[in-house]
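The first residue of the sequence shown is numbered 1, and numbering continues consecutively from there. Note that ligands are numbered from 1 as they come in the structure, with each ligand's atoms numbered from 1 the same way. When reading the values below, keep in mind they use all heavy atoms of this one structure, side chains included, and skip hydrogens, waters and symmetry mates.
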Amino acid sequence: MGAIGAEELMNLEKLQGMSSGKEEKILVLVRLRPLSEKEIARTEVADWECINPTTILYRNSLQERSGLPTAYSFDRVFRGDCTTREVYEEGTKDIAVSVLGGINSTIFAYGQTSSGKTYTMNGITEYAVADIYDHIQRHEERAFVLKFSAMEIYNEVVRDLLSMDNTPLRLLDDPETIESSAREFLGKGNSTTLAASVNFVDLAGSERASQALSVGQRLKEGCHINRSLLTLGTVIRKLSKGRHGHVNYRDSKLTRILQPALGGNARTAIICTLSPARSHVEQSRNTLLFASCAKEVSTNAQVNVVMSDKALVKQLQKEVARLESELRTPGPVCDHAALLRKKDMQIEKLEKEVRELKKKLDLAHSQIEDLTRDAESNKISQKLSGACLDIGGFRRNGTSDVPLSDNSDNHYSSDVRCIDESNQDRTYESFDVSSSVDEETRQTLAEPGNNHNVEQEILPALPIQVIRSSNGYSYDVLEQNIQDVQKTIDSPSTSMTTSGSLKLTRSQSCRANLMTCSPDFDMAEQSENTPPTVLEKNFVGRPEGGVFVRKQWKFPPVIYGANSAKLTRNDSQCSDCSSYLDDMKSQNCTNGDDDIPTLGSFVAGLREMAKLQYENLAGNQVQETGRRDDVAMDPKHDWPLKFEKLQKLIIEQWEACNVSLVHRTYFILLVKDDFTDSIYMDVEHRRLSFLKDTFSRGNSAVQDGRSLTLASSKKALRRERMMLSRFMHKRYTQDERNRIYEEWGISLNSKKRRLQLVHLLWSDTENMDHVTKSASIVAKLIGFSEHGQALKEMFGLSFTPPRMSRRSFGWKNSMSSLL
Ligand SMILES: Nc1ncnc2c1ncn2[C@@H]1O[C@H](COP(=O)(O)OP(=O)(O)OP(=O)(O)O)[C@@H](O)[C@H]1O
């Protein structure tokens, strides 16, 4: 930026205290704007208040009871009546003018649309540029070169705003481009140049990171804004936890350009702008969450010095002299040969260990294969739906086995029957074990018509230690063996492991998206730490990583395509579900339109999942009761609040996973804040978390033999919207249609108003009013009308735990461990 003499540079470095780089936290400022005229006209209330220069407080008494924080502290907070000049002078000036001392600096504004980012950045830029020119004028003894560039990142394309040429710019990582221009300026003499840049960044509205926009160009814009802002959130979140591991700056143009400013060689200030209005509270909280993470990020700014050849030679001569003097002074003698011998011995020892472990691993793998072959030759039939199989009174608990508590009101001391598939008449073999099976299951097992796939359906549900191979090894011993070996060999960074109980450790990647999308950050973190559910275990799209990856477990349908009526496969697997369907048909409750998933398939899927989840919870409860006596908290007492949070989270997950609008509608209309519905909320949330995680890792889920990716689900959702649009004329009169178009801000002259409407449906996941209205329109379009509790009961949705031998393991307590 300016050419100065070497001595002057030393003085400057001393002054700045920056000669060897100094770690400092990003400066985080929060600016609250006043209520706008529009907001005042809407009689909006200002809920946020700056109670002192560093603390901002949320004053809504309702929210205070939500358990979310009400006070947030930052380096500086500015009230609505503060001027931009004050924000500049008291907050960012110091950082902006560091550029004059050769230190890179960046100031950017983050916040939702119309919170005041542009308003603030315009002022900050103006004041900073004025200060820079003022400094230049007061230091005539120096020569300055100022370079200015302005660029826009739109749809992940970078454009030079000062050029008529509209060609997208390529981002280059080569740092010499900067040096050469600096040398060209200096050219001669014993001088040293300070070269630095200052960036002023006005970001897009942060809410767009979590919102799906409309169709076409707007949708594309939304996706890209999404990418840039989501990546920014991810990067900030990663950096806030320290600089460990890879930081994905290259995932978006924005983070690539801002890379030096985020945890690199720069001083950085972030101004988070907020609207005080109550209606924006969620977005404001998201912004403050981002700000809280940002204040943990450190940068390491250094004075950027470009030396002339002469100055460089002088500097190098000094360095040579220093090293020579060090060589002349004898230091402690280092026995390199001994050190090498020691290292060689260590390497040899480790190699031996690895060889032995590999042998063990091979042996364990071949034993597992033998067992799998044995198991495949014995086909076991069982009705899975609603049934739970406990054999020998044991249930798996991690790597040890815990006896079931003795609730034997429904026990049978009988054989577990295995169907020999090779025998067409399905004769039965008996395991020589005492088993406890509930009556319903037992009857179902005895039905000759049952034909379940052992590997897909039965093995995952069986307590492993009852299956024994001919060579006498038990599964769990072998599995434990494999685990031990695998653990020793695997690097600690491996994120996917398979434990003895087929547990799946989730990767951390899904958390990242929650950074900017989810207001319920803590809750999402919590849910990631809860044990995996049966549903997760059954998920076939999971990455390989364990010894059971070959199994094809089923995954209940969650996303319907336009032809999703075909997804009623569960109906045929669940006898009582098909009777619901029949009931519905007889009561004229189905819509009769082929393309629309029936309420029956939805309810059947939900009930099936709830049962599986219940079994899982009951199983966990068995383990819990063995360890803890203190799970006495009644989870019902704050259920309404938890319901709200969970509902919000689920709505966001639907959007993120492109879940069918019909599915969302059924769910919203049928699953209410009644505590007995909590099981449905829970399974839905868990399943979507897993699906979202799978998608975010670029993996696909398998559903009905079809591979489902984020892209294919998006396509299906588009088809579904098209399909829904076709029902507008059928379900609504012209007057009704016009009223709806007007209400949704769609011009009556627009030729594509039907399509516009269906693309607006469910597009605003933040706004419950929007969600409710969307659900009611979709319900009408598919011919479904809600009859409240009566309808729920009619379709058997009110959950009652299935009759099982372990039914007395408190449902209530299970829920409390979940929530
Ligand atoms: N601190 C403030 N004092 C007074 N008016 C403000 C303040 N901040 C913003 N405004 C006004 O609020 C409106 C929205 O501000 P602005 O355009 O800066 O928002 P934004 O966050 O940049 O929005 P977008 O993301 O859509 O670009 C403008 O009319 C602006 O004049």
Side-chain angles (χ1 to χ4, degrees), residues 28-42 44-50 53 56 74 76-93 106-128 150-156 159 161 199-214 217-218 221-233 252 254 258 269-291 294 516-517 745 763-764 766-767:
V28 180
L29 315 169
V30 169
R31 184 180 200 192
L32 193 61
R33 69 157 166 76
L35 282 173
S36 69
E37 281 177 13
K38 270 191 195 162
E39 286 163 345
I40 292 169
R42 288 202 305 262
E44 282 267 16
V45 183
D47 272 344
W48 296 92
E49 193 189 325
C50 300
I56 183 164
F74 299 98
R76 185 78 166 81
V77 299
F78 295 93
R79 297 179 347 190
D81 57 359
C82 284
T83 61
T84 306
R85 168 64 81 180
E86 284 172 85
V87 178
Y88 173 71
E89 294 287 342
E90 294 173 33
T92 55
K93 178 175 176 173
T106 296
I107 299 163
F108 65 88
Y110 182 97
Q112 74 173 107
T113 291
S114 82
S115 57
K117 298 181 294 296
T118 308
Y119 183 88
T120 303
M121 286 313 298
N122 282 349
I124 299 284
T125 310
E126 188 186 324
Y127 299 136
M151 65 181 117
E152 172 196 71
I153 309 174
Y154 181 72
N155 290 347
E156 286 299 300
R159 286 213 168 75
L161 295 178
N199 301 311
F200 301 98
V201 187
D202 186 2
L203 293 175
S206 56
E207 74 285 358
R208 293 184 213 165
S210 59
Q211 255 179 25
L213 292 179
S214 186
Q217 188 58 22
R218 289 285 282 162
E221 182 185 310
C223 293
H224 287 306
I225 290 170
N226 237 336
R227 169 122 66 103
S228 282
L229 287 176
L230 280 176
T231 310
L232 178 65
S252 77
L254 178 68
L258 290 183
I270 300 180
I271 306 171
C272 291
T273 53
L274 290 191
S275 154
R278 179 170 295 173
S279 59
H280 294 145
V281 61
E282 290 306 337
Q283 284 304 332
S284 301
R285 278 197 186 283
N286 274 343
T287 302
L288 292 174
L289 195 63
F290 176 89
T516 48
C517 307
S763 61
D764 184 355
E766 303 286 331
N767 182 342

Logged contact type for Pro34 with ligand 1, heavy-atom cut-off 4.0 Å, is side chain

Near Arg31 (heavy-atom distance under 4.0 Å), the atoms of ligand 1 are 1 (N)

Quick check: does any side chain N or O of Glu39 sit under 3.5 Å from a backbone N or O of Ser36, one acting as donor and the other as acceptor? yes

State whether the side chain of Lys93 and the backbone N or O of Arg85 hold a donor-acceptor pair below 3.5 Å, judged by distance alone. no

Taking Lys117 for the side chain and Ala109 for the main chain, is one N or O donor matched with an acceptor at less than 3.5 Å? no

Query - Polar atom proximity, Ser115 to ligand 1 (N or O, under 3.5 Å) - result: yes

Distance col, row Leu203:CG vs Leu258:CG, nearest 0.5 angstrom, shows 7.0 Å

- Query: Any nitrogen or oxygen of Thr273, main chain or side chain, under 3.5 Å from a nitrogen or oxygen of ligand 1?
  - Reply: no

Apply the test side-chain hydrogen bond (donor to acceptor under 3.5 Å, both in side chains) to residues Glu44 and Ser279: give CA-CA distance (whole Å), side-chain angles for both, the deciding distance (0.1 Å), then the verdict.
CA-CA 8 Å; Glu44 282 267 16; Ser279 59; 2.4 Å; yes

Notebook entry, point to check: Any N or O on Leu32 sitting closer than 3.5 Å to an N or O of ligand 1?
Noted result: no

Note: ligand 1 atoms sitting under 4.0 Å from heavy atoms of Lys117 are 18 (O), 19 (O), 20 (P), 21 (O), 22 (O), 23 (O), 24 (P), 25 (O)

Note: ligand 1 atoms sitting under 4.0 Å from heavy atoms of Gln112 are 21 (O)

Subject >> Expected output: side-chain Arg31 to main-chain Cys82 donor-acceptor under 3.5 Å >> reply: yes

Checklist line | Close approach, Ser114 and ligand 1, non-hydrogen under 4.0 angstrom | finding: yes

Does Gly123 offer a backbone N or O that forms a donor-acceptor pair with the side chain of Glu126 under 3.5 Å? no

Margin query: Please report whether ligand 1 has a polar contact with Tyr119, defined as an N or O pair separated by less than 3.5 Å (distance criterion only).
Written below: yes

Judged by heavy atoms only, the candidate from Thr113, Thr118, Asp81 nearest atom 22 (O) of ligand 1 is Thr118

